[in-house]
Amino acid sequence: MYTASDLRKGLRLKMDNEPYIIVEFNFVKPGKGQALYRCKLKNMITGSQFERSFRSVDTFEPADLREKKMQYLYKEGNKYCFMDNENYEQIYLTEDQVGDAKNFLIDNLDVEILLFEDRPIGLSLPNFVDFIVTEAEPWAKGDTVSGTTKPVKVQTGYTIQVPTFISEGEKIRVDTRTGEYLTRVKG
Amino acid sequence: MSALYDDDNLCLTQKKQILNLRAKLIHSIRSHFIKHDFLEVETPLRIPSPAPEEHIEAIPSGNWFLQTSPEIYMKRLLAAGYPRIFQISKCFRAGERGNKHLPEYTMLEWYVSGFNYFRLMAQCEEILKAVFTDMGHAECISWQDRKIVLNSPWEKITVADAFARHAKISCTEAIDKNQFEEVMVDFIEPNLGINRPTFLYDYPVEHAALAKRNLGHPDVAERFELYIGALEIANGFSELTDANEQKQRFEKALAARAKKKWAQYTMPEKFLSSLKNIPESAGIALGIDRLVMVLANTDCIDDVVTFTPEML
């Protein structure tokens, strides 16, 4: 059980049977009055946000959240299938739950699945993922202007800006937090 | 600035400027109190039990506590025949951490025998005007995007009038609905001390644990707060000198604290018995850190101290 004095940015609570994360927090206390703990809370399943202030007498239940390493297997309709590496059980996330991470989900990628009371609700990607370039315009000889980039497609269908010397079939490393090209990978 | 970690923060030119400002301010305050014939005193920081207040929690120190304010010992000095005293000391309050709160902060507190809260407001205004002048702000000070005029008479407004002017519900209604603090924070405070410093006065008795009741209006206590740039700077009042009423208020606060399962304080009996000798007087506590915030034009208290608890 948490009390109001435990509240801080990033704390995860269970309210009305759903997990919430505190995205903004401020402590205010006018004069000799009661302290107010002002929070902006984000629902970790729906993403909806709301503001509420709490008092020092309020108590909160922690949200039972944990991460588990799983492997991405395939997409079926608008569902994404992952396999638990320990017990080979399969779980599914919806397109909404996967969000922008879908651009980086290559077959057999190890990801962390976020579980709320053992129910999968989201995932986090490794910071760096290596892709194969599946479509790229050939490098025009003589185009030596530094700093220029061109768009290429990778195996997930995601389009990314890379340096002009990258060609089809090459392997590139991408930072999944920014979605940006980092380096060419040999071999 | 507050996003930086560790001592990188202390290397910044802006930080150095603010700490210089702070030192100069404390020097100026001290010199004006001495000029006004005040005696500087030091009372113990570590005490057996703070004055019981419902919404202020002390930090334990062994079997005792760190002071939440020097109030009860300064009043014992008043009762013992020290008519004009001031103190600049550290105060400690558990769980208070925000943009405008630190659990350890610096308070200027002064008491004047023979004064009521109106004379104290006038003296507070006079001394602070002199201090602002020392700091290079004789006429006005920039606050956020505006200018706060300092050299004309400061505004005075009662709590009831401030609710009528700025809030959708009356002060009484807000207390009945247990919304006094929310309305204060959201609708009243943002409007106070914006064009010139504002004294908000005549607080509901429930919000003034150690202040004297107003004889003409027994529902309000002779308490005031000074606001500059929407920031609460100081809290003062005509001292309650009736030991019986003081004891009843302490008992009420102790009961409320017990209900919340907060630390149990003992009844400050020595303080209560000293009240029979206390003259009519008024006292005020002023947050030094908050005043530095105004002078430095910042809305984050982290900017005005050497180290925050997180940096230790």
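Atom set for the values below is all heavy atoms of this structure, side chains included, hydrogens, waters and symmetry mates excluded. Quick note on labels: first sequence line is chain A, next is B, and so on, each numbered from 1. Given the structure is predicted, the values throughout are model-derived calculations rather than measurements.
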Practice task
Taking B:Glu181 for its side chain and A:Gln34 for its backbone only, find out whether a donor-acceptor pair lies under 3.5 Å.
Solution key: yes
Exercise for the section: Can you establish whether the number of heavy atoms outside A:Phe50 located under 6.0 Å from its atom CZ is more than 12? Expected result: yes
Problem - Greater than 12 external heavy atoms within 6.0 Å of A:Lys14's NZ - result: yes
Problem - Heavy-atom pairs under 4.5 Å with chain A, option from B:Arg223, B:Glu189, B:His207, B:Met184 with the top count - result: B:Arg223
Exercise for the section: Answer yes or no: does atom CD of B:Gln264 have more than 12 heavy-atom neighbours from other residues, nucleotides or ligands under 6.0 Å? Expected result: yes
Handout entry: Sub-4.5 Å side-chain heavy-atom contact between A:Arg38 and B:Asp186
Key = yes
Problem - N/O donor-acceptor pair under 3.5 Å between A:Lys29 side chain and B:His101 backbone - result: no
Practice task
Identify which part of B:Asn99 has an atom lying under 4.5 Å from any heavy atom of chain A, answering side chain, backbone, both or neither.
Solution key: both
Fill in the blank from the handout: The interface call for A:Arg55 against chain B, heavy-atom contacts under 4.5 Å, is side chain
Fill in the blank from the handout: Between B:Val185 and A:Pro30 the two heavy atoms that sit nearest each other are CG2-CG, 3.8 Å
Fill in the blank from the handout: Applying a strict 4.5 Å limit to non-hydrogen atoms, the region of A:Ser53 in contact with chain B is side chain
Practice task
To the nearest 0.5 Å, tell me how far B:Lys261 NZ sits from A:Thr3 OG1.
Solution key: 12.5 Å
Fill in the blank from the handout: Whatever's closer than 4.5 Å to a heavy atom in chain A on B:Glu182 counts as both
Problem - Flag side-chain contact, heavy atom, 4.5 Å: A:Ser56 against B:Trp262 - result: yes
Exercise for the section: Using a 4.5 Å cut-off on heavy atoms from C-beta on, say whether the side chain of B:His55 contacts that of A:Lys32. Expected result: no
Exercise for the section: Answer yes or no: does atom CG of A:Asn87 have more than 12 heavy-atom neighbours from other residues, nucleotides or ligands under 6.0 Å? Expected result: yes
Problem - Residue A:Lys42 excluded, over 12 heavy atoms near NZ under 6.0 Å - result: no
Exercise for the section: Please state whether the side chain, the backbone, both or neither of B:Glu96 comes within less than 4.5 Å of a heavy atom of chain A. Expected result: both
Problem - side-chain contact (heavy atoms from CB on, under 4.5 Å) evaluation trace for A:Val57 with B:Lys260 - result: CA-CA 7 Å; A:Val57 291; B:Lys260 289 197 285 190; 3.8 Å; yes
